[in-house]
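To find a chain, count down the sequence lines: A is the first, B the second, and so on, and within it residues start at 1.
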Amino acid sequence: MSATEGAHPGLNIAHPHAQAQEETETALFGFWVFLMSDAVIFALLFATYGVMLPATVGGPTPATVYEIGPAFLETLILLTSSFTFGLASIAMKHDAPRRRILGWMGATLVLGLAFLALEVRDFMTMFAQGAIPMRSGYLSSFFALVPLHGLHVAAGCLWLVVMMAQVVVFGLDGRVRINTLRLGLFWHFLDIIWIALFSVVYLQGLIR
Amino acid sequence: MTSSKADAAREVRSYAIGYLLALLLTGFAFGAVYWRVASATTTFGIVLGLGLVQMVVHFRFFLHITLGKSSRADLQLILFSTLIIALMVSGTLVILFNLHHRMM
């Protein structure tokens, strides 16, 4: 059992022999390369945000437009969705009934959509206060950075729907399993971006 | 299938530990800002520190990046990307703040 110690849940695709394990690791490494290039995009938007932060041109400032309550709630929802996706991966690895796998994926989808709804509500509140992207350099960089994460979550939700359909139509064959693993990496990765977002954007803006 | 069941229980426990740690770290970070535990600069330092620790927790418990052999290549890729990101972000901030300073 020591060979699979610490391995990604689900790595035993159908036949848990060494070659299948290695192929899975190679496939997931390719996805890691994509994730890290995505991380570079986010990092540079963070740098832009940091530079633009003082450029409010007499318009809304971070302290006036951010609210700590919704940001905290969004964080809790996203963390919980990562946990439910983890339970889905474990259920998939151990060949649990398909109903349970789909249940955890469905729970993740609902949480992801709830997160998006709250985020859109936040943006609407900001728009109502005149905080629109065209107002200042600070708001332009804010609306380049935060909605890009939201767009990723929306893409993740769409991908979740596609994977749930594939689990129903094709069953848990090798391809469906490995794509679900990729989606898992993507979903957990978005959580890490969100940690940076709530620390650097929301909490920094709200510190007095 | 008892060993598989034991494996599953161990993995669920690992995710649960990660989830609890993440909740605690998030709670501390938001709490530090909400209750203004320290001066602005110190609070921002605390928030950044807690954020970094939480990222490590997520990599370890959710993304299964460990020091073990099975994720060695992934770990090296992540560390190298982190280096590149640190160089680009800090370089951007230093140069543009310096420029800003000179334009004043």
Checklist entry - Under 3.5 Å, is there a donor-acceptor pair linking the side chains of A:Thr80 and B:Tyr19? => result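 A:Thr80 vs B:Tyr19: donor-acceptor pair found between side chains.
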Would you find more than 12 non-hydrogen atoms of other residues, nucleotides or ligands less than 6.0 Å from [X] atom [atom1]?
| X | atom1 | value |
| --- | --- | --- |
| A:Arg100 | CZ | no |
| B:Leu79 | CG | yes |
| A:Trp104 | CH2 | no |

Contact part of [X] toward chain B, heavy-atom cut-off under 4.5 Å: side chain, backbone, both or neither?
| X | answer |
| --- | --- |
| A:Thr75 | side chain |
| A:Ala96 | neither |
| A:Ala91 | neither |
| A:Leu87 | side chain |
| A:Phe29 | both |

Next on the checklist: In this structure, is the centre-to-centre distance between the rings of A:Phe198 and B:Phe30 below 6.0 Å?
Outcome noted: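 Aromatic pair counts; centres sit under 6.0 Å.
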How far apart are the closest heavy atoms of [X] and [Y], and which atoms are they?
| X | Y | answer |
| --- | --- | --- |
| B:Phe44 | A:Ser199 | CE1-O, 4.2 Å |
| B:Phe59 | A:Trp32 | CE2-CH2, 3.7 Å |
| A:Val200 | B:Leu48 | CG2-CD2, 4.1 Å |
| A:Ser89 | B:Tyr15 | OG-OH, 4.4 Å |
| B:Ile85 | A:Ala43 | CG2-CB, 3.3 Å |
| A:Ile90 | B:Val12 | CD1-N, 3.5 Å |

What part of [X] is in contact with chain A, defined as an atom under 4.5 angstrom from a non-hydrogen atom: side chain, backbone, both or neither?
| X | value |
| --- | --- |
| B:Ile78 | both |
| B:Ala32 | neither |
| B:Phe97 | side chain |
| B:Leu23 | both |

Checklist entry - Could you walk me through whether B:Val47 and A:Gln204 pass the side chain to side chain contact (heavy atoms under 4.5 Å, CB included) check? => result CA-CA 8 Å; B:Val47 166; A:Gln204 181 185 204; over 6 Å; no
Checklist entry - Are B:Arg36 and A:Arg208 close enough that some pair of their side-chain heavy atoms sits under 4.5 Å apart? => result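 A side-chain contact exists here, since the closest heavy-atom pair is under 4.5 Å.
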Item to check | Steps toward side chain to side chain contact (heavy atoms under 4.5 Å, CB included) verdict (B:Leu63, A:Ile192) | outcome: CA-CA 10 Å; B:Leu63 289 156; A:Ile192 292 184; 3.5 Å; yes
Checklist entry - For B:Lys5 and A:His94, what are the C-alpha separation, side-chain angles and deciding distance, and is it a side chain to side chain contact (heavy atoms under 4.5 Å, CB included)? => result CA-CA 8 Å; B:Lys5 243 186 202 141; A:His94 294 283; over 6 Å; no
Checklist entry - By number, which residues in residues 149-156 of chain A have some heavy atom less than 4.5 Å away from chain B? => result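 None at all.
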